[in-house]
Amino acid sequence: MKSKSASAWSAAKSEEHYGFKRWGNGHISVDEAGFVNVQPRADGRGIRIMDVVQEALGMGLSAPMVVRFQDLLRHRVIQLNEVFHKAIREEEYQGNYRGVFPIKVNQLREVVDEIIAAGKDYNYGIEAGSKPELMIALAMHEGAQRLIICNGYKDNDYIRLALIGRKLGKKIIIVVEQLAELDDIIRLSEETGVKPMIGFRAKLQTRGEGKWSSSTGDNAKFGLNTAEILFAIEKLRAAKLTSALRLVHFHIGSQVPNILTIKNAVIEATRFYCQLAKMGFPMGYLDVGGGLGIDYDGSRTNFESSMNYSMEEYARDVVSNIRDICTSSDVPVPDIVSESGRAIVAPHSLLVVEVFERINKRESLGQQHQPKEKHKIVTDLEFMLKNKGKLGRLERFHDAIQKKEEAFSLFNLGYLDLENRAAAESLFWQICEKIDLEGKKSGYQPEELHDLSTLLADQYVCNFSVFQSLLDHWALKQLFPIAPIHRLDEKPSVKAILVDITCDSDGKISSFIDLQDVKDYLTLHPLNGKPYYLGIFLTGAYQDIMGDLHNLFGRVNEVHVFLEEDEPNGFYIEEALSGSRIADVIEGVQYQQEDLCRKMKAQIDAATRKDMVKPREGVRLLELYESQMLNKTYLHIEPKNGRKKKKKP
Ligand SMILES: *Cc1c(COP(=O)(O)O)cnc(C)c1O
């Protein structure tokens, strides 16, 4: 069925085209049949994402759908701990690594469960940034050696909760973010008779780079400046709590693209640590916060959606810099704490969306809508399309724009009918496309023509909400790798941007990863009437929880996948979580499902009395309304060609 030109294409070419190898970090590949495979443990055992989607469909779950690879999550926890252990061995570092997972990055129970289980042998702990997160951390945490780090703004209840943990023998460290918190900690520990473990968050001068760089520096909203640290020391001494100070903490922001920033921050923070240790505080822990990046575009650069270092290099730099400064200051080295969140969870999940429609500007007019009498403006445009004459591309582009604007003016004045206006628009875009295609051969592109390809790109309409599932793209223009998960043995030929189903012109994706800078469109496959699925990858960090209810779409379906050799496709779905139903989201904004149904019934009854609807029809209408309450919020996409009745899910 493949055409000749398509067979010159190959899955390997797609692998290169979409960069799977570069950003996939050994976890993503394309098989010969053109399907994307995920290797959760980077050991060659792959799972076809399409198989997972098919199985989920069989369970009544359709896209949009989050697919979590639990083994990949486990793999990342082990990997992070192993690289620190390796660095510690190789650098002959005398302390331990005691990482913690910041649960704000993904609080889902199955995610936290998996991370805690995977980190058992490494004494991998938890970081909390709020009361609800601490409530989770306290209950889920196990083992006397694993840390709980308490960050974020704290009220008395937050501190009381942390002190419960101390009472139970947990290594729970309250990090002081504001001077006033220390007064509360001192008072509550006196009241309860529980001795806290305390850390100071230092406001470093080292500035991050990238989108999240404002987490540090003079205007950061967290941490103690140097003078405040001196005040805090006095307070601890006055309260006879000097033995409680155990940790120095910093966090220079998420997704730090440049390793030099990390080196500098570690050096600065270790200086703080050594000074405090020399003043006689027991100390013992240095917490380097988060910031370990993900190479979203696979370019290995210090561009904001990339990182110019590996996880190994990160660990080695943290370990060796701390050692060097401590040695030169004659201070015993601390145990190292890091709070990597993004690096742990981002790779393990992806969002699968279905493209169900295409919006195209330049499709030629069908025969039946040709103008009966062509207006002169239309014949002019036809002439421009056929004859390029001696004019340059830019000049023809300007001429075409002039004609198009003339056509709109004529329409507004009543001189152009609908058919002629349609023909003029269509011809204009065809001329643009022609000019754009000619440009492929020549080298230099004037600015105006450079943007033509973007202007001409199709819009692929995808059944999902950017605001629910990809908030950082909307809010921060963060880029994620996006690619089809099937048909990769076919040549992609359509330039497209993606738009979502919210009623918001911002609900779109129009910037994409590229090795150089950012791309304005993706090259995708033409739609063929069958479901076409795209994967939005590396979305396991932050996106799940930041999403909002714009247009009341709510949570998407979700499946949790485990490797399993005994299964025919090498995996099984352990858990399937159903996305929001209409009743769920409307109750979230204070409507009662029953109340709305009652109101509808009253209106239908009234219409029946007025004979606007027949009684039997009225019953049917109410049934339709009521049954929709239990349906999902996203579009229910029917197969294009099939007039067959679909089975009810
Ligand atoms: C958000 C946050 C983290 C996690 O940062 P990542 O860059 O995702 O690793 C760690 N520590 C603190 C204090 C944070 O606020």
Side-chain angles (χ1 to χ4, degrees), residues 73 76-77 79-81 83-84 97-107 111-112 115 119 124-134 137 147-154 158 173-178 181 199-204 208-217 220-224 247-259 261-262 265-266 269 285-296 304-307 309 311 314-315 318 336-349 471-472 475-476 478 480 538-546:
L73 189 52
R76 291 296 285 187
V77 173
Q79 204 176 10
L80 179 69
N81 280 281
V83 298
F84 266 102
Y97 173 65
R98 288 279 179 269
V100 291
F101 173 65
I103 54 179
K104 74 153 191 260
V105 186
N106 197 321
Q107 297 102 334
V111 170
V112 173
I115 290 171
Y124 190 63
I126 307 177
E127 185 261 8
S130 66
K131 270 186 287 186
E133 289 183 356
L134 180 56
L147 295 174
I148 299 180
I149 303 284
C150 300
N151 290 320
Y153 288 106
K154 299 165 199 77
Y158 187 131
I173 301 180
I174 307 176
V175 176
V176 177
E177 308 253 19
Q178 307 287 310
E181 283 173 14
F200 287 165
R201 176 163 180 170
K203 208 178 250 184
L204 300 187
E209 275 177 60
K211 291 190 188 298
W212 289 270
S213 59
S214 56
S215 308
T216 182
K221 65 179 195 179
F222 292 116
L224 307 175
L247 173 142
V248 166
H249 172 267
F250 73 88
H251 175 63
I252 44 173
S254 206
Q255 184 64 19
V256 176
N258 194 341
I259 190 69
T261 316
I262 289 164
V266 168
Y285 297 99
L286 177 58
D287 183 344
V288 300
L292 175 56
I294 285 286
D295 193 359
Y296 290 97
E304 58 189 16
S305 54
S306 185
M307 60 200 270
Y309 56 96
M311 196 191 262
Y314 172 83
V318 168
I336 298 171
V337 182
S338 83
E339 305 175 342
S340 299
R342 182 187 300 277
I344 293 284
V345 293
H348 90 282
S349 75
L471 199 76
D472 279 343
L476 298 161
Q478 194 197 327
F480 296 87
L538 306 178
T539 51
Y542 299 103
Q543 306 317 300
D544 288 317
I545 209 68
M546 306 260 285

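Not measured: the values here are computed from a predicted model. Worth knowing before you read on, the calculation uses all heavy atoms, side chains too, and leaves out hydrogens, waters and symmetry mates. As the structure lists them, so they are numbered: ligands from 1, and atoms in each ligand from 1.
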### Message
Polar contacts were defined as any N/O atom of the residue lying under 3.5 Å from an N/O atom of the ligand; does this apply to E339 and ligand 1?
### Response
yes
### Message
Can you name the atoms of ligand 1, numbered from 1 with element, that are less than 4.0 Å from a heavy atom of E127?
### Response
12 (C), 13 (C)
### Query
Does any N or O in the side chain of R342 come within less than 3.5 Å of the main-chain N or O of V105, such that one atom is a donor and the other an acceptor?
no
#### Entry: Derivation and outcome, side chain to side chain contact (heavy atoms under 4.5 Å, CB included), residues I115 and V345
CA-CA 9 Å; I115 290 171; V345 293; 3.8 Å; yes
Determine all donor-acceptor pairs shorter than 3.5 Å in which one atom belongs to a side chain in residues 125-132; sequence neighbours excluded.
{"unit_1": "E127", "atom_1": "OE2", "unit_2": "N151", "atom_2": "ND2", "d": "2.5"}
{"unit_1": "S130", "atom_1": "OG", "unit_2": "E133", "atom_2": "N", "d": "3.4"}
{"unit_1": "K131", "atom_1": "NZ", "unit_2": "D155", "atom_2": "OD2", "d": "2.7"}

### Nitrogen or oxygen atoms of R342 and ligand 1 under 3.5 Å apart
yes
### Query
When you measure from atom 8 (O) of ligand 1 to every protein heavy atom, which one gives the shortest distance, and what is it?
Y542 OH, 2.6 Å
### side-chain contact (heavy atoms from CB on, under 4.5 Å) against F222, all qualifying residues, sequence neighbours excluded
Y153, E177, R201
### Message
Between K154 (side chain only) and Q178 (backbone N and O only), is there a donor and an acceptor less than 3.5 Å apart?
### Response
no
#### Entry: Side chain N81, main chain G119, donor-acceptor under 3.5 Å
no
## Note on the structure
Contact region, F222 to ligand 1, non-hydrogen atoms below 4.0 Å, reads neither
#### Entry: Nearest-neighbour protein heavy atom for atom 2 (C) of ligand 1, which is reported as residue plus atom name and distance
K104 NZ, 2.3 Å
### Task
Keeping the roles fixed (side chain from Q543, backbone from L471), state whether a donor-acceptor pair exists under 3.5 Å.
yes
### Task
Show which atoms of ligand 1 fall inside a sub-4.0 Å distance from at least one heavy-atom site of S340.
9 (O)
### Task
Enumerate the atoms of ligand 1 whose separation from the nearest heavy atom of P102 is less than 4.0 angstrom.
4 (C)
### Atoms in ligand 1 with a heavy atom of N151 nearer than 4.0 Å
13 (C)
### Message
With respect to G291, determine whether any N or O atom, backbone or side chain, lies less than 3.5 Å from an N or O atom of ligand 1.
### Response
yes
### Message
Tell me if a side-chain donor or acceptor on H249 pairs with a main-chain N or O of D287 at a distance below 3.5 Å.
### Response
no
### Message
What I want to know is whether G341 and ligand 1 share at least one N or O pair that is separated by under 3.5 angstrom.
### Response
yes
### Query
Any N/O of S254 closer than 3.5 Å to an N/O of ligand 1?
yes
